[in-house]
K.L.:
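Dropping a structure here in structure tokens format, bear with me for questions.
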2 protein chains.
Amino acid sequence: MENKKTEYDNATKVCRHNIRAIHDTMDVIGGKWKISIISCLCFETMRYSELLKEIEGISGKMLSRELKDLEINGLVMRTVSNTNPISVVYELTEYGETLKDLTLTIANWGNAHREKIISEYN
Amino acid sequence: MENKKTEYDNATKVCRHNIRAIHDTMDVIGGKWKISIISCLCFETMRYSELLKEIEGISGKMLSRELKDLEINGLVMRTVSNTNPISVVYELTEYGETLKDLTLTIANWGNAHREKIISEYN
DNA sequence: CCGCATCCCTTTTGATACTG
DNA sequence: CAGTATCAAAAGGGATGCGG
């Protein structure tokens, strides 16, 4: 009886701990487009205009806003070239690269999910 | 030169593919509270009122709405006991359990992130 | 080329009260 | 206990035009 209760309390504790951790993660990458942006930058540095083309449906306003958030959180680095006209490239910082696994896990589940839906449809 | 271009095109293709996959995942678990709910149910089945207590800040309305979404997508199963008063328990379906890795990855990153922030603060 | 400011509409979320 | 209904507030997001 006592053991059962302890077990339950432990599960509760781990659960709460995880919820807080998930919340922390989502504060950083929870925007509508953030993970997509990070996923793009996993492969190469990209210019603002390239990201705009690559990420279907995003508006310029949202792209700059999300990039700024990511920059503030130290995940993305912004570099301006003083050419004329100027060009701005974005790349993952070392810290941003720690998100590669996470984006891959999310992408993999999405692919599996899509396959499941398609196979159910047939 | 031609190789360089091919390489670039391949990266672009993979990138777009991942963005779509990420979008698919987020359609399913992208709500404000969904991952927290799933994370709770990773440990044990829970009643509506228990989830309400466990997930700090969620309102009853949001909890039922998010649970309904998860149920529709086949991730969560809802079971009603005809006691008096009634009780309703929620649990992950087998398919929902495929999200365990993902929630853990997200929680782990959040924990590492919190530690980073704290250590920077000192 | 990059991206901010403004206006304006849509969606999401919260508070509260109420039902079976 | 487990929700639903209603209203109000807040956040999200698009379009456009301007400035560096």
Side-chain angles (χ1 to χ4, degrees), chain A residues 8 12 19-20 22-38 40-41 44-73 75-92, chain B residues 8 19 22-23 25-41 44-73 75-92:
Chain A
Y8 177 80
T12 302
I19 290 179
R20 202 183 60 174
I22 287 167
H23 190 266
D24 288 347
T25 304
M26 285 311 162
D27 269 357
V28 178
I29 60 162
K32 186 175 178 185
W33 308 96
K34 292 211 178 70
I35 311 185
S36 295
I37 293 171
I38 290 165
C40 271
L41 298 176
E44 50 185 344
T45 70
M46 289 185 91
R47 300 177 53 171
Y48 177 84
S49 50
E50 288 172 330
L51 284 165
L52 209 51
K53 264 179 288 182
E54 207 61 25
I55 303 174
E56 203 172 347
I58 196 171
S59 69
K61 184 173 90 173
M62 290 313 297
L63 180 56
S64 26
R65 189 185 293 177
E66 301 274 66
L67 280 168
K68 198 186 291 176
D69 288 348
L70 292 171
E71 199 190 350
I72 288 171
N73 282 301
L75 300 170
V76 159
M77 188 168 73
R78 178 176 180 274
T79 311
V80 183
S81 301
N82 271 322
T83 50
N84 190 322
I86 67 171
S87 87
V88 181
V89 295
Y90 293 91
E91 63 194 298
L92 288 188
Chain B
Y8 177 81
I19 291 179
I22 286 166
H23 190 265
T25 303
M26 285 311 162
D27 268 356
V28 179
I29 60 162
K32 186 175 179 186
W33 308 97
K34 293 212 177 72
I35 311 183
S36 295
I37 295 171
I38 290 165
S39 148
C40 272
L41 298 177
E44 48 184 348
T45 70
M46 289 185 91
R47 300 176 54 170
Y48 178 84
S49 50
E50 289 173 330
L51 285 165
L52 209 52
K53 266 181 286 182
E54 207 61 24
I55 302 173
E56 204 172 347
I58 197 172
S59 67
K61 183 172 89 172
M62 289 314 295
L63 180 55
S64 28
R65 187 183 296 177
E66 301 274 65
L67 280 168
K68 200 182 292 176
D69 288 347
L70 293 171
E71 199 191 349
I72 287 170
N73 282 301
L75 301 169
V76 159
M77 187 168 72
R78 178 177 180 274
T79 311
V80 183
S81 302
N82 270 324
T83 50
N84 190 324
I86 68 169
S87 88
V88 181
V89 296
Y90 292 92
E91 63 194 298
L92 289 187

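Just so it is clear, the structure is predicted and the values come from calculations on it, not from any experiment. The sequence lines fix the lettering, A, B, ..., with proteins before strands; numbering per chain opens at 1.
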K.L.:
Between OG of B:S59 and CG of B:L52, what distance do you get to the nearest 0.5 Å?
P.N.:
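Separation between the atoms: 8.0 Å.
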K.L.:
How many whole angstroms separate atom CG of B:L52 from atom P of D:dC1?
P.N.:
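One finds 10 Å between P of D:dC1 and CG of B:L52, rounded.
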K.L.:
Check the surroundings of atom CD in A:E91: do more than 12 heavy atoms from other residues, nucleotides or ligands lie under 6.0 Å from it?
P.N.:
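Result for CD/A:E91: enclosed.
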K.L.:
How close or far is atom P of D:dG3 from atom CD1 of B:I58, stated in whole angstroms?
P.N.:
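Rounding to the nearest Å, CD1 of B:I58 and P of D:dG3 are 12 Å apart.
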K.L.:
Could you state the atom-to-atom distance from CD1 of B:I55 to C1' of D:dA2 in whole Å?
P.N.:
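From B:I55 CD1 to D:dA2 C1': 15 Å.
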K.L.:
What's B:R47 touching, base or sugar-phosphate or nothing? Going by heavy atoms closer than 4.0 Å.
P.N.:
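Sugar-phosphate only.
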K.L.:
Rounded to the Å, how far apart are A:E66 CD and D:dG13 P?
P.N.:
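A:E66 atom CD is separated from D:dG13 atom P by 7 Å.
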K.L.:
Could you tell me whether the phosphate oxygens of D:dG3, OP1 or OP2, come under 4.0 Å of any side-chain nitrogen or oxygen in B:S64?
P.N.:
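No.
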K.L.:
Report the distance from atom CG of B:L51 to atom CD of B:E66, rounding to the nearest 0.5 Å.
P.N.:
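The distance works out to 12.0 Å.
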K.L.:
First and last nucleotide of DNA chain C in contact with chain A, 5' to 3', at under 4.0 Å to a heavy atom: what are they?
P.N.:
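From 5' to 3', the first and last contacting nucleotides are C:dC1 to C:dT6.
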K.L.:
Return the NZ to SG distance between A:K53 and A:C40, rounded to the nearest 0.5 Å.
P.N.:
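Nearest 0.5 Å value for the NZ-SG distance: 12.0 Å.
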K.L.:
Roughly how far, to the nearest 0.5 Å, is the CG atom of B:L92 from the CG atom of B:L41?
P.N.:
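So the CG of B:L41 and the CG of B:L92 are separated by 5.0 Å.
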K.L.:
Which residue lies toward the 5' end of DNA chain C, A:P85 or A:K61, if each is placed at its nearest nucleotide?
P.N.:
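Final value for this comparison: A:P85.
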K.L.:
Where each residue is assigned the nucleotide of DNA chain D containing its nearest heavy atom, which of A:I86 and A:M62 is assigned the position nearer the 5′ end?
P.N.:
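Between the two, 5'-proximity favours A:M62.
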K.L.:
Using whole Å, what does the distance between atom P of nucleotide D:dG14 and atom CD of A:E56 come to?
P.N.:
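Between P of D:dG14 and CD of A:E56: 13 Å.
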K.L.:
Expressed as a whole number of angstroms, how long is the span from A:K68:NZ to D:dG12:P?
P.N.:
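That distance rounds to 15 Å.
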K.L.:
To the nearest 0.5 angstrom, please state how far the CE atom of B:M62 sits from the CG atom of B:L67.
P.N.:
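One gets 10.5 Å once the value is rounded to the nearest 0.5 Å.
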K.L.:
Taking atom CH2 of A:W33 and atom NE2 of B:H23, what is their separation to the nearest 0.5 Å?
P.N.:
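Nearest 0.5 Å value for the CH2-NE2 distance: 6.5 Å.
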K.L.:
Taking only N and O in the side chain of B:R78, is any of them less than 4.0 Å away from OP1 or OP2 of D:dG3?
P.N.:
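For B:R78, the contact criterion (side-chain N or O under 4.0 Å from OP1 or OP2 of D:dG3) is met.
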